A.B. asks: 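Let me begin by handing over the structure; questions about it come next.
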Amino acid sequence: MITKLVILDRDGTINHDSDEYVKTAQEWTPMPGALEAIARLNHAGWHVVVASNQSGLGRGLFDVAALNAMHAKMHKMLGAVGGRVDAVFFCPHSPDENCSCRKPASGLFEQIGERYGMDLKGVPALGDHLRDLQAAIAVGCEPHLVMTGKGAQYKGQSNLPKDFPANTQAHVDLSAFVDWLLLKTQAAAKSSAKATQTSHSAGSSA
Ligand SMILES: [Mg+2]
Ligand SMILES: [Zn+2]
């Protein structure tokens with residue numbers, strides 16, 4: 001069973017976003033350090049999945065073949081730096097289809113939970129848009145905002161707008177999020193090792 005899972009948004013989180021939509025593999029370009037950051041997660045034992053609204057499909061701006069080509073490029077570029085994304089979960093619908101998977105709805109997250117057979121409670125989820133975090137908290141994920149893409153507007157602000165979940169943590173980019181997560185898990189591992197040591201010595205002195 002997989003316990004170390006991270007859920008990432010795609011546009012504005014891993015790759016550069018565009019107001020005209022990312023429509024082709026050529027237009028899909030990773031942000032500096034993003035792929036290397038995913039590789040660092042993998043090397044520390046984390047599985048990474050993507051949850052992405054792709055309403056450009058529903059709007060007829062590109063087709064599934066083009067989306068597959070974008071993801072083939074992503075997987076290939078990731079592989080070149082030693083990284084891996086397990087799967088890409090995407091919503092193909094336009095907003096007026098009122099589906100249950102377009103974030104802020106939680107359908108993609110529920111699909112991920114089902115696929116992995118796990119409760120997503122406490123699973124870190126990172127996105128650049130409020131709706132990414134709303135979808136995440138609906139299934140109990142830990143909400144993280146990245147201040148790239150749409151999130152760049154919050155850079156330098158001391159407080160996030162009130163509609164963000166109260167426990168939202170903000171990071172300058174994907175790489176900073178990974179630094180934070182790896183540091184946190186290292187610290188947790190250290191303190192649990194210490195606790196084991198303490199209980200051993202307590203046992204031997206008894
Ligand atoms: Mg995004
Ligand atoms: Zn959908």
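Remember, predicted model here, so these are calculated numbers, not experimental data. In listed order, ligands and their atoms are each counted from 1.
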A.B. asks: Do the side chain of Glu36 and the main chain of Pro32 share a donor and acceptor less than 3.5 angstrom apart?
C.D. replies: no
A.B. asks: Suppose we only allow N, O or S atoms; which atom of Asp11 ends up nearest to the Mg ion (ligand 1)?
C.D. replies: O
A.B. asks: Dump the intermediate steps for side-chain hydrogen bond (donor to acceptor under 3.5 Å, both in side chains) on Asp86 and Tyr116, then the final yes or no.
C.D. replies: CA-CA 11 Å; Asp86 283 12; Tyr116 283 91; 2.7 Å; yes
A.B. asks: Taking the six-membered ring for Trp, is the centroid-to-centroid distance between Phe109 and Phe89 below 6.0 Å?
C.D. replies: no
A.B. asks: Decide, counting backbone as well as side-chain atoms, whether Asp17 has an N, O or S atom less than 2.8 Å from the Mg ion (ligand 1).
C.D. replies: no
A.B. asks: For a quick check under 3.5 Å, do Asp173 and Ser175 share a side-chain donor-acceptor pair by atom type?
C.D. replies: no
A.B. asks: Suppose the cut-off is 2.8 Å; which protein N/O/S atoms would you list for the Zn ion (ligand 2)?
C.D. replies: Cys91 SG, His93 ND1, Cys99 SG, Cys101 SG
A.B. asks: In a check of side chain to side chain contact (heavy atoms under 4.5 Å, CB included) between Leu145 and each of Asp132, Leu126, Thr168, which one passes?
C.D. replies: Thr168
A.B. asks: Determine whether the side chains of Gln26 and Thr24 contain a donor N or O and an acceptor N or O closer than 3.5 Å.
C.D. replies: no
A.B. asks: Within a reach of under 6.0 Å around CZ of Arg59, are more than 12 heavy atoms found that belong to other residues, nucleotides or ligands?
C.D. replies: yes
A.B. asks: Using ring centroids (six-membered ring only for Trp), state whether His71 and Trp28 fall under 6.0 Å.
C.D. replies: no
A.B. asks: Give the name of the N/O/S atom in Asp9 that lies closest to the Mg ion (ligand 1).
C.D. replies: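 Atom name returned: OD2.
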A.B. asks: Tell me which N, O or S atom of Asp128 sits nearest to the Mg ion (ligand 1).
C.D. replies: OD1
A.B. asks: Regarding Asp132, does it place an N, O or S atom less than 2.8 Å from the Mg ion (ligand 1)?
C.D. replies: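 No - counting backbone and side chain alike, Asp132 has no N, O or S atom under 2.8 Å.
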